[in-house]
Each structure stands twice: as structure tokens, then as C-alpha cells.
Amino acid sequence: MPERRAGDDLAAVSTEVGGAIRAVPDFPSPGIVFRDITPLLSDGPLLRTLVDALAATYSGTVDVVAGIESRGFLLAAPLATALGLGLVPIRKAGKLPPPVIAQPYELEYGSAVLELREGALAPGARVLLVDDVLATGGTVGAAADLVERAGGMVSAVCVLIELLDLGGRAALAGRRVDAVVAY
Ligand SMILES: O=P(O)(O)OC[C@H]1O[C@H](OP(=O)(O)OP(=O)(O)O)[C@H](O)[C@@H]1O
Ligand SMILES: Nc1ncnc2[nH]cnc12
């Protein structure tokens with residue numbers, strides 16, 4: 001029997017999942033092709049297939065799932081439930097009550113801040129970081145820094161969509177990054 005490799009489960013669902021993501025040209029501004037995951041979220045059986053494939057990929061290898069606001073929550077919560085693990089929200093500035101740890105990061109234009117509740121992670125916890133899209137990598141990079149400052153270890157970064165032209169994977173050099181579909 002051929003050896004099973006990490007990522008096999010994700011590769012098996014990639015085409016079907018990719019088929020349920022809508023490309024919307026010139027949204028939210030001219031020149032951007034927005035990848036709309038709402039058709040995927042509306043398809044109950046496919047959403048279950050995706051969450052099961054993600055759970056099979058990470059089962060037994062992580063202690064907690066951290067989801068990035070806001071679209072990251074939509075995947076992180078069902079995945080944490082399927083794994084029987086807790087969910088830690090990483091939120092945009094000012095949404096979580098104190099005390100929080102804050103991490104500023106650069107956007108294409110301007111900057112932003114992500115926050116995590118102080119004490120949310122057990123020391124050395126193996127964290128699966130989940131978001132919907134990896135574009136420049138600024139968001140996931142800041143979230144990973146936040147997890148490590150809070151005493152956790154980022155075991156893997158899991159995104160539904162990787163936008164290859166924007167080089168996010170290079171910005172996360174040295175980290176395990178799994179993407180279900182890439183454009
Ligand atoms: O790799 P990057 O260049 O950082 O971009 C990716 C981020 O951009 C989007 O978030 P957005 O802040 O638009 O918010 P939303 O999830 O709240 O819609 C997306 O959900 C990722 O978090
Ligand atoms: N092209 C895109 N589509 C959807 N979400 C995004 N986040 C960053 N770039 C995006």
C-alpha cells in the first residue's frame with residue numbers, strides 16, 4: 001500500500017472545493033479578483049467533506065485551533081469541533097476585552113493590529129492557525145507572531161485559498177503552510 005502523506009486528504013478535496021469558490025472581478029476595488037467562499041459555505045455536504053479532510057490532516061498533531069477574524073472563524077470553529085479541540089479567536093483591535101496581547105502589522109496601504117487574550121494559550125501549546133485566504137502573508141504572519149509571544153508554538157498554518165502571485169508563503173518562510181486551493 002502506498003505511504004500516506006500529510007496533505008493527501010486536502011489534495012483529495014481540492015478540485016471540488018475550488019469549484020465552489022466564486023471569482024468576482026474588480027471587487028472590492030478595480031483590478032482585484034475577489035475569491036468568494038460563500039457558495040462553499042452554503043453547500044452542507046461539501047462543507048462537511050472539507051472539514052472532515054482538514055480534521056484528518058491535523059488529528060493528533062495540534063492542541064488548539066486559532067482562528068483569524070473574521071472569515072477565518074468560519075473554518076476554525078467547525079474544524080476545532082471536529083477535532084474535539086478548543087478554539088482561540090485572534091481578533092482585530094478593540095474587539096476582545098482586556099487583558100490582550102497586541103501585534104501591529106502592515107497592510108498594502110496602512111497598518112492594522114491583531115489581538116489575542118492574554119492567557120488564552122497554555123505554555124508550549126501546539127497551535128493550528130486558520131484563515132480563509134493567504135495573500136501577502138501579513139495577517140497570518142502577525143497572527144503567528146502573536147501566538148509565539150503568547151507562549152504557543154505554531155504547528156501549521158492552514159488556509160483555504162493561497163493567492164500565489166502575492167508571495168505570502170515566502171513571507172512565512174520556515175513555517176508549514178497548507179492550502180486547500182491555490183490560484
Ligand atoms: O495575506 P494578507 O495580505 O494579509 O491578506 C489576507 C487577509 O485578508 C482578508 O482579511 P480581511 O481583513 O479583508 O477581513 P475579513 O476576514 O474580516 O473579511 C483575509 O480574510 C485574510 O485574513
Ligand atoms: N483576492 C481576495 N479575495 C478574497 N479575500 C481576500 N483577502 C485578500 N485578498 C483577497
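Bear in mind that the values here come from a model prediction, so they are computed numbers and not experimental data. The first residue in the sequence is number 1, and the count goes up from there. In listed order, ligands and their atoms are each counted from 1.
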- request: Answer side chain, backbone, both or neither: which part of D132 comes under 4.0 Å from ligand 1, heavy atoms only.
  value: side chain
message: Ignoring hydrogens and geometry beyond distance, is a side-chain donor-acceptor pair present between Y183 and D165 at under 3.5 Å?
response: no
- request: If you have a sec, work out which protein heavy atom is nearest atom 10 (O) of ligand 1 and how many Å separate them, to one decimal?
  value: R71 NH2, 3.8 Å
Identity and distance of the protein heavy atom lying nearest atom 15 (P) of ligand 1: S70 OG, 3.3 Å
query: Salt bridge check: are K95 and E115 linked by an N-O gap of less than 4.0 Å?
result: no
- request: Just do the side-chain contact (heavy atoms from CB on, under 4.5 Å) check on Y58 and C158 with the steps written out, would you?
  value: CA-CA 10 Å; Y58 300 109; C158 173; 3.4 Å; yes
P89 to L96 - nearest heavy-atom pair and separation: O-CD1, 4.1 Å
Smallest separation among heavy atoms of V113 and A102, with atom names: CG1-CB, 3.9 Å
- prompt: Does I68 reach ligand 1, in the sense of a heavy atom lying below 4.0 Å from it?
  reply: no
task: Could you tell me which atoms of ligand 1, counted from 1 in the order shown, lie closer than 4.0 angstrom to a heavy atom of T136?
output: 1 (O), 2 (P), 3 (O), 4 (O)
message: If the cut-off is 4.0 Å to any non-hydrogen atom of G138, which atoms of ligand 1 fall inside it?
response: 1 (O), 4 (O)
- line: min-distance protein heavy atom vs atom 21 (C) of ligand 1 -> D131 OD2, 3.2 Å
- prompt: Which atoms from ligand 1 have a heavy atom of V133 less than 4.0 Å away?
  reply: 6 (C), 21 (C)
query: ligand 2: which residues have a non-hydrogen atom closer than 4.0 Å?
result: V33, F34, R35, R71, V133, A135, L163
query: What protein heavy atom sits nearest atom 14 (O) of ligand 1, and how far off is it?
result: K92 NZ, 3.0 Å
- prompt: Quick one: CG on L146 to CG on L116, what's the gap to the nearest 0.5 Å?
  reply: 4.5 Å
Sidechain N-carboxylate O distance under 4.0 Å for R175, E148: yes
query: Of all heavy-atom pairs between D63 and L85, which one has the smallest distance, and what is that distance?
result: O-CD2, 3.5 Å
task: Looking only at protein heavy atoms, identify the closest one to atom 7 (C) of ligand 1 and say how far it is in Å.
output: T139 OG1, 3.6 Å
task: Of all the heavy-atom pairs spanning T57 and D9, show the shortest one and how long it is.
output: OG1-CB, 3.7 Å
- prompt: Any idea which heavy atoms bring G124 and M153 closest together, and the distance?
  reply: O-CE, 3.7 Å
- prompt: With respect to atom 5 (O) of ligand 1, which of A135, P28, G72 exhibits the smallest heavy-atom separation?
  reply: A135
query: Got a salt bridge between E69 and R91, using NZ or NE/NH1/NH2 to carboxylate O under 4.0 Å?
result: yes
query: With a 4.0 Å cut-off on heavy atoms, is G168 touching ligand 1?
result: no
message: How about CZ on R48, more than 12 heavy atoms from neighbouring residues, nucleotides or ligands closer than 6.0 Å, or not?
response: no
